[in-house]
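Report on one structure; see the data block that follows.
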Protein chains: 2
Amino acid sequence: MTIDCANCPLRQFDLFSPISKSTLAFLSRFKTGELVAQPGTEILTEQASSSQLFTTLSGMGLRYKTTSDGDRQVVGFVLPGDFIGLQSGVMDVMQHSVEASTEMRLCVFNRSDLWTLFRSQPDLAFSLTHLAANEEHLLGEALTVLGQMDAQARIAWALLRFDRRLTAVGLRKNGRVPLPYRQQDLADALGLSLVHTNKTLARFRSRQLANWSEGWLRVPEPDTLASLYDFESSITATRPLI
Amino acid sequence: MTIDCANCPLRQFDLFSPISKSTLAFLSRFKTGELVAQPGTEILTEQASSSQLFTTLSGMGLRYKTTSDGDRQVVGFVLPGDFIGLQSGVMDVMQHSVEASTEMRLCVFNRSDLWTLFRSQPDLAFSLTHLAANEEHLLGEALTVLGQMDAQARIAWALLRFDRRLTAVGLRKNGRVPLPYRQQDLADALGLSLVHTNKTLARFRSRQLANWSEGWLRVPEPDTLASLYDFESSITATRPLI
DNA sequence: CGTTGCATTGACCGCCCTCAATGCCGGTGG
DNA sequence: CCACCGGCATTGAGGGCGGTCAATGCAACG
């Protein structure tokens with residue numbers, strides 16, 4: 001039993017830009033089904049082509065690259081609403097792998113329909129470009145964080161982003177959001193060692209600034225934490241949902 | 001006296017994917033003029049909107065973000081053939097600034113024509129998305145380098161990329177390519193201090209692996225340098241030129 | 001009840017940062 | 001013509017942030 005795009009549970013959130021009825025109708029045809037991925041499953045593989053593209057309905061995952069010496073760099077976290085596989089769609093192969101951290105429910109699209117989309121739905125084509133530009137923005141910000149900030153600021157930045165984004169898709173409950181990653185994942189995303197990530201998280205916990213444990217993240221006063229590290233206030237521009 | 005897209009001096013290089021006559025004709029109309037930017041000029045500004053988009057015909061520049069505490073992160077280097085301003089085109093504002101390092105000649109497009117492009121030229125729309133995905137790829141690779149590699153590997157990676165890319169646009173002469181940046185620019189791109197960047201460059205010079213001085217870069221044996229740091233061989237996929 | 005995965009904590013030290021001084025070059029004005 | 005200055009490259013000294021190594025605890029699982 002799959003969800004109709006017209007009743008997409010994600011579209012209600014202000015995070016996502018509105019969409020016209022006719023475009024929505026096309027999207028419904030574009031969507032060919034749903035896929036449930038179990039934790040640990042590799043959904044897309046670096047350097048491989050894929051005939052399918054996805055949108056995350058629920059659950060969370062990781063985008064990562066593997067270096068030749070076996071290290072891993074997490075280049076992003078896949079959260080509900082995120083589109084997966086655009087690189088494969090336009091460049092033929094993925095430049096990073098995508099793996100499910102929790103059970104994930106995914107909308108499935110056929111890559112072969114992508115060209116039809118570009119020909120007949122310029123607004124959706126525009127939205128796809130918007131999504132790509134948005135990824136570029138996120139990566140640019142991450143690069144700045146890795147290049148210029150120390151461990152405390154990096155972790156504070158990441159936790160704040162999680163808090164904001166997960167709240168925006170309705171996952172905050174009782175002042176906390178689910179964060180089902182391992183400390184190693186965060187370490188690999190921020191260019192830190194597991195040990196140092198752990199110690200820094202412990203410091204935030206004892207200072208009551210942020211508490212991430214047992215899969216839940218609680219940030220009592222996001223603005224206080226942000227001001228401590230000079231992060232600009234949470235400007236949440238809307239983005240497309242495809 | 002501006003260059004007609006049909007005679008674009010860049011399009012001859014294998015780096016760029018071929019394009020149909022009719023698409024080329026549209027491009028010629030899309031291009032509204034040329035702009036010459038002097039060294040030091042800010043072409044686009046972070047957090048600002050721009051009514052114009054550009055393609056680099058010649059010259060080089062920098063993309064960078066400024067952090068609230070005054071630091072600078074170089075998120076990319078603008079080389080001939082690079083498109084500038086896509087973020088502003090689809091997301092309304094730029095997420096990084098672009099500044100000319102040398103004198104630059106730029107093709108100028110009107111942002112207001114972008115929508116027409118998406119409606120009437122799906123192949124160009126696809127190419128734009130391709131370019132955005134390509135930027136995402138570059139940033140992901142940069143993130144991996146900053147997150148996982150030490151100073152020597154970071155600098156080797158950057159120098160190899162310059163060597164390959166500048167060669168691909170015909171700028172290699174007498175076994176060297178022009179590299180008109182300051183050491184500070186590279187340091188800010190790689191998340192290193194100027195001092196350490198300088199010392200590491202000196203080490204490469206004395207080991208005869210790479211010599212960057214007085215605006216020119218000479219890498220005698222790129223493959224040797226690449227193998228020293230476990231970089232995959234130079235896979236140069238083609239990309240669109242708009 | 002051994003094993004496996006993840007979180008936690010302590011000891012040690014190295015890469016790279018900061019601070020600081022010097023040299024070189026081109027531009028500018030007295 | 002020369003003194004001065006600003007921008008950039010270079011080099012040495014010293015120290016700190018965050019790295020690796022290693023051991024322990026704990027919970028889930030076969």
Side-chain angles (χ1 to χ4, degrees), chain A residues 38-40 60 62 67 69-74 99-102 145-159 178-207 210-217 229, chain B residues 38-40 60 62 67 69-74 99-102 145-159 178-207 210-217 229:
Chain A
Q38 294 306 314
M60 307 187 196
L62 286 174
T67 64
D69 57 356
D71 285 342
R72 183 182 76 149
Q73 173 69 34
V74 170
E99 178 182 310
S101 294
T102 69
V145 169
L146 290 226
Q148 307 299 333
M149 316 237 213
D150 65 15
Q152 290 191 45
R154 292 188 207 184
I155 290 187
W157 171 77
L159 296 184
L179 198 59
Y181 297 107
R182 295 166 300 157
Q183 293 185 353
Q184 183 73 64
D185 298 328
L186 186 61
D188 288 345
L190 299 179
L192 298 170
S193 72
L194 168 62
V195 173
H196 199 63
T197 300
N198 178 287
K199 288 174 179 168
T200 307
L201 284 170
R203 192 127 99 244
F204 279 115
R205 225 175 279 132
S206 73
R207 288 167 58 192
N211 189 327
W212 176 32
S213 49
E214 292 162 36
W216 292 90
L217 168 65
Y229 295 98
Chain B
Q38 294 306 313
M60 307 186 195
L62 286 175
T67 63
D69 57 356
D71 286 341
R72 185 183 74 152
Q73 174 69 34
V74 170
E99 177 182 310
S101 293
T102 69
V145 168
L146 290 226
Q148 307 299 331
M149 315 239 209
D150 65 14
Q152 289 191 46
R154 292 187 208 184
I155 289 186
W157 170 77
L159 296 184
L179 198 60
Y181 297 106
R182 295 165 300 157
Q183 294 185 352
Q184 183 73 64
D185 297 329
L186 186 61
D188 287 345
L190 299 178
L192 298 170
S193 71
L194 169 62
V195 173
H196 200 62
T197 301
N198 178 287
K199 288 173 179 169
T200 306
L201 285 170
R203 190 125 102 244
F204 279 115
R205 226 175 278 133
S206 72
R207 289 168 58 191
N211 190 326
W212 176 31
S213 49
E214 290 163 35
W216 291 90
L217 168 65
Y229 295 98

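Just so it is clear, the values below take in all heavy atoms, side chains as well, and ignore hydrogens, waters and symmetry mates. Throughout, protein chains are lettered first and strands after them, A, B, ... in sequence-line order, and every chain is numbered starting at 1.
- Rounded to a whole Å, the CG atom of B/Leu146 is 15 Å from the P atom of D/dG18.
- Taking A/Arg182 as the reference, A/Asp185 meet the salt bridge (charged side-chain N to carboxylate O under 4.0 Å, His left out) condition, with sequence neighbours excluded.
- Rounded to whole Å, the distance from CG on B/Asp150 to P on C/dC17 is 11 Å.
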N/O-N/O pairs, protein side and nucleotides 5-9 of chain C side, under 3.5 Å:
from, atom 1, to, atom 2, distance (Å)
C/dC6, OP1, A/Arg182, NH1, 3.4
C/dC6, OP2, A/Arg182, NH1, 3.3
C/dA7, OP1, A/Gln183, N, 3.3
C/dA7, OP2, A/Gln183, N, 3.2
C/dT8, OP1, A/Arg205, NH1, 3.3
C/dT8, OP2, A/Gln183, NE2, 2.5
C/dT8, OP2, A/Asn198, ND2, 2.9
C/dT8, O5', A/Asn198, ND2, 3.4

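- Computed from coordinates, the A/Gln152 CD to D/dG16 P distance equals 16 Å when rounded to whole Å.
- The CD1 atom of A/Ile155 sits 15 Å away from the P atom of D/dC17 (whole-angstrom rounding).
- Considering A/Arg154, A/Met149, A/Gln73 as possible partners of A/Leu190, the one that fulfils the side chain to side chain contact (heavy atoms under 4.5 Å, CB included) test is A/Arg154.
- In this structure the side chain of A/Asn211 never reaches within 4.5 angstrom of the side chain of A/Trp216, judged on heavy atoms.
- For the pair A/Leu186 and A/Trp212, the minimum side-chain heavy-atom distance is below 4.5 Å.
- Following rounding to the nearest Å, B/Glu214 (CD) and C/dG26 (C1') show an atom-to-atom distance of 14 Å.
- When rounded to the nearest whole Å, the span between CG of B/Leu190 and C1' of C/dC17 equals 15 Å.
- In this structure, the side chain of B/Thr102 engages the main chain of B/Met60 through a donor-acceptor pair within 3.5 Å.
- Contact annotation for B/Gly40: no contact, since no heavy-atom pair falls under 4.0 Å across all strands.
- Within the 4.0 angstrom heavy-atom criterion, no nucleotide atom of any strand lies near A/Gly215.
- Atom-to-atom distance recorded for B/Leu201:CG and B/Ile155:CD1 is 4.5 Å, nearest 0.5 angstrom.
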